[in-house]
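Working notes, structure below.
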Amino acid sequence: MRQALVAGNWKMHGSRASVASLLSELLGAVTAQQVEVAVCPTFVHLAQALELCVGSPLAVGAQDCSHMPSGAYTGEVAAPMLADLGCACVILGHSERRQYHTESDHLVAAKLTAAVSAGLQPILCVGETREQRESGAAELVVLGQLTGALAEQTDLAGLVVAYEPVWAIGTGLTATPQQAQEMHAYIRRCLDAFDTVDARATRVVYGGSVKPGNARDLFAQPDIDGALVGGAALIAADFLAIIDAAAAV
Ligand code: PEP
């Protein structure tokens, strides 16, 4: 039995005031239950979020990390720094990093190694663009991203994969529960081919315009183990409703 995970990707949003207010709403409502819940604010808000969430069921994670453990990498934040701060997880290979920062599978693989070595739980994002889906290449693209990120890894216990079709991120378009289930089942079959991953124990969460209105149908699918939530994670009532939908499965 895989425990559902609902993680909020706050992207480049927030101020100290909005972080305090969003977290106070979440902390007042999230109870230790069968769903694991995480929030991923910007780097500059991590310390504040960690301080507010200490001793609560809310885990805090980062949206990215460097591929190097330390050194002359101006502007970067290393995985051991995030672990030292108290972060539990880190999002890697998000499509916005791949698109705006030209992150390759090779770089994502190196970041994954850095995250795992630091003891952070990686949330590895994969997903195809609209053109790739329309041309029938979606599975091939996802397989390439998985292979690129995982092939050289030696210990992937605790890995979370987030299937995030690029065409559904921030667009209001969502994969249908059936489309998502098909890809999640495919991802699990691909994971089975890596001896470093226990595919049946690995959580595969869905991301792409998850909202209170579509969460329940998505979570009802047998291979959807929760969600990586963008826009709706910034609205406490919506994020809480998505957590409730995961708990209701
Ligand atoms: C995301 O950025 O990971 C995401 C899924 O965004 P949204 O929920 O806004 O589509």
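In listed order, ligands and their atoms are each counted from 1.
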* **Taking atom 9 (O) of ligand 1 as the reference point, the nearest protein heavy atom with its distance** => Gly231 N, 2.8 Å

* Nearest protein heavy-atom contact for atom 1 (C) of ligand 1: which residue, which atom, what distance? -> His94 NE2, 3.2 Å

* With rounding to the nearest 0.5 Å, note down the distance linking CZ in Phe219 to CG in Asp244. => 10.5 Å

* Please state which protein non-hydrogen atom is closest to atom 4 (C) of ligand 1 and give its distance, to 0.1 Å? -> Gly230 N, 3.6 Å

* To do: Enumerate the atoms of ligand 1 whose separation from the nearest heavy atom of Ser209 is less than 4.0 angstrom.
  => 7 (P), 8 (O), 10 (O)

* To do: Measure the distances from the heavy atoms of Lys211 to every atom of ligand 1 and state whether one is below 4.0 angstrom.
  => no

* **Presence of salt bridge, Lys211 and Asp238, under 4.0 angstrom** => no

* Does a side-chain N-to-carboxylate-O contact under 4.0 Å join Glu128 and Arg133? -> yes

* When rounded to the nearest 0.5 angstrom, what is the spacing between OG in Ser66 and CG in Leu107? -> 8.0 Å

* To do: Specify side chain, backbone, both or neither for Ile169, according to which of its non-hydrogen atoms lie closer than 4.0 Å to ligand 1.
  => both

* Do you know which two heavy atoms are closest between Val205 and Asp225, and how far apart they sit? -> CG1-O, 3.6 Å

* Would you mind checking which non-hydrogen protein atom is closest to atom 5 (C) of ligand 1, with the distance to 0.1 Å? => Glu164 OE2, 3.1 Å

* Asked: Is Gly170 close to ligand 1, meaning an N/O of one under 3.5 Å from an N/O of the other?
  -> yes

* Structure fact -> Exactly one candidate in Arg200, Arg189, Arg188 meets salt bridge (Lys or Arg N to Asp or Glu O under 4.0 Å) with Asp223; the answer is Arg188

* Check each atom of ligand 1 against the heavy atoms of Gly208 and keep those under 4.0 Å away; list them by number with element. => 5 (C), 10 (O)

* To do: Considering the heavy atoms of Asn9, write down every atom of ligand 1 situated less than 4.0 Å from one of them.
  => 1 (C), 2 (O), 3 (O)

* To do: Mark up the atoms of ligand 1 that fall under 4.0 Å of a heavy atom belonging to Ala168, in ascending order.
  => 10 (O)

* Asked: Does Thr147 use its side chain to pair, donor to acceptor, with the backbone of Gly144 at less than 3.5 Å?
  -> no

* Asked: So, Thr113 and Gln153: side-chain donor and acceptor under 3.5 Å apart, yes or no?
  -> yes

* May I ask you to check if ligand 1 and Thr171 share an N or O to N or O distance below 3.5 Å? => no

